[in-house]
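In each ligand, atom 1 is the first atom listed, and ligand 1 is the first ligand listed. None of the values given here were measured: they were computed from a predicted structure.
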Amino acid sequence: MMMTTTTAKKIAEQATAFLGEAYYELGKSEEDAKRRIEQALEQIERTGYYSHSYEELKHGAKMAWRNNNRCIGRLFWQTLEVFDARDVVDENDAANRIFKHMSYATNSGRIRPAITIFPANHSHNRLRIWNHQLVRYAGYRKNNVIVGDSASLAFTEACQKLGWSGEGTRFDVLPLVIQMEGKAPKWYPLPSETVLEVPLTHPDHIAFQQLELQWYAVPFISDMELEIGGISYAAAPFNGWYMGTEIGARNLSDIDRYNQLPTVAKLFEFDTTTNTSLWKDRALVELNAAVLHSFKKHGISIVDHHTAAEQFLRFEKQEQDQGRAVTGRWSWLIPPMSPATNGIWHRSFDDAERSPAYRYQAAPY
Ligand code: ARG
């Protein structure tokens with residue numbers, strides 16, 4: 001009882017703060033805000049929770065993007081498309097909503113930022129998406145070698161336990177796994193029209209294609225919790241578009257991921273016997289040039305890290321003009337390549353966490 005009271009009190013506080021801020025930003029009168037807050041508080045008193053109107057949900061999801069200290073792409077926070085899936089009752093329905101979101105966002109390459117929001121955590125229809133991203137490559141440990149994406153080892157194993165099996169290539173797309181509260185998880189192969197992939201070629205080194213590298217077009221983060229005004233949504237997959245270095249300087253380059261720098265260096269005949277040849281740096285440049293070139297060639301939205309940083313600094317200015325101070329985490333905002341060539345490097349940021357927010361949550365498997 002005590003517990004419930006404390007929780008309800010906290011939700012009431014968060015609801016008041018969020019609704020006040022959101023209604024102000026949406027240009028509503030103080031009267032309207034006051035009336036809405038009273039109504040929400042009354043619902044919290046009665047049930048322990050309150051439900052967001054679509055407008056509140058939509059603006060809250062955008063605010064959470066705007067508040068995300070790790071994201072360099074926040075200039076576009078207002079363009080987020082918000083799909084309301086709080087009415088889903090089963091896994092098939094949820095899977096179909098996700099497939100629709102994926103097709104909408106992919107848009108044949110002209111990527112559109114979007115989020116689909118499933119029932120809140122206090123709803124009896126709450127669910128979890130097990131995937132870290134809706135599209136991701138499997139990782140297999142065979143003897144002592146890893147095939148595919150090492151970041152997916154645990155999830156790949158979980159999928160296999162559920163009865164899925166992959167071909168065993170470096171780029172097997174994992175299935176979608178959805179779990180309704182209190183039920184066994186269900187898995188679904190992703191329909192081919194929901195997964196756009198990009199074979200990597202280099203702008204002037206034709207042999208690059210022999211490396212047979214590829215990546216998927218759209219990053220859909222599906223394991224973060226969205227919290228808006230005290231209400232949490234454990235299933236709220238969202239997407240933007242890629243910044244090239246995420247793929248070229250991390251996913252394909254990290255030693256414990258695809259570790260392609262030695263391979264690229266060999267192809268370009270850089271001297272890998274000494275650090276002073278800067279073969280790693282040179283390979284990074286070529287691999288990242290290939291990523292940007294290939295996405296562009298296939299008409300798929302992507303941003304380079306220089307442009308993204310300029311956009312971020314514009315975002316900061318835009319926020320200041322609105323009377324809001326931007327928070328940020330410097331170590332995440334600087335790009336993993338040539339960071340000091342980039343305006344963000346020379347700045348510092350307040351890393352305070354604001355609400356609404358996207359937050360990490362424990363994996364359900
Ligand atoms: N860094 C992650 C990846 O490489 C994706 C994170 C979200 N990125 C984005 N551009 N919205 O898959």
### Message
Strictly below 4.0 Å, N to O, side chains only: are R354 and E21 in salt-bridge contact?
### Response
no
#### Entry: Mutual orientation of the aromatic rings belonging to W164 and Y140 [parallel < 30°, tilted 30-60°, perpendicular > 60°]
parallel
### Task
Among all protein heavy atoms, pick out the one at the shortest distance from atom 4 (O) of ligand 1; state its residue, atom name and that distance to 0.1 Å.
N251 ND2, 2.8 Å
### Task
Ignoring hydrogens and angles, state whether a donor on the side chain of N121 or R126 is under 3.5 Å from an acceptor on the partner side chain.
no
### Query
Can you tell which part of Q133 has a heavy atom less than 4.0 Å from ligand 1: side chain, backbone, both or neither?
side chain
## Note on the structure
min-distance protein heavy atom vs atom 12 (O) of ligand 1 -> Y242 OH, 2.6 Å
### Query
Does R170 count as lying over the ring of Y137, i.e. NZ or CZ under 6.0 Å from the six-ring centre, within 45 degrees of the axis?
no
### Task
Verify whether one side chain among Y24 and E30 offers a donor that lies under 3.5 Å from an acceptor in the other.
no
#### Entry: Sub-4.0 Å atoms of ligand 1 with respect to non-hydrogen atoms of W241
9 (C), 10 (N), 11 (N)
## Note on the structure
The option among R257, E246, R250 carrying the non-hydrogen atom nearest to atom 1 (N) of ligand 1 is E246
#### Entry: Any Y216 heavy atom less than 4.0 Å from ligand 1
yes
### Message
Between E25 and K62 (salt bridge meaning N to carboxylate O under 4.0 Å), is one present in this structure?
### Response
no
### Message
Below 3.5 Å, N or O to N or O, backbone or side chain included: is there any such pair between W215 and ligand 1?
### Response
no
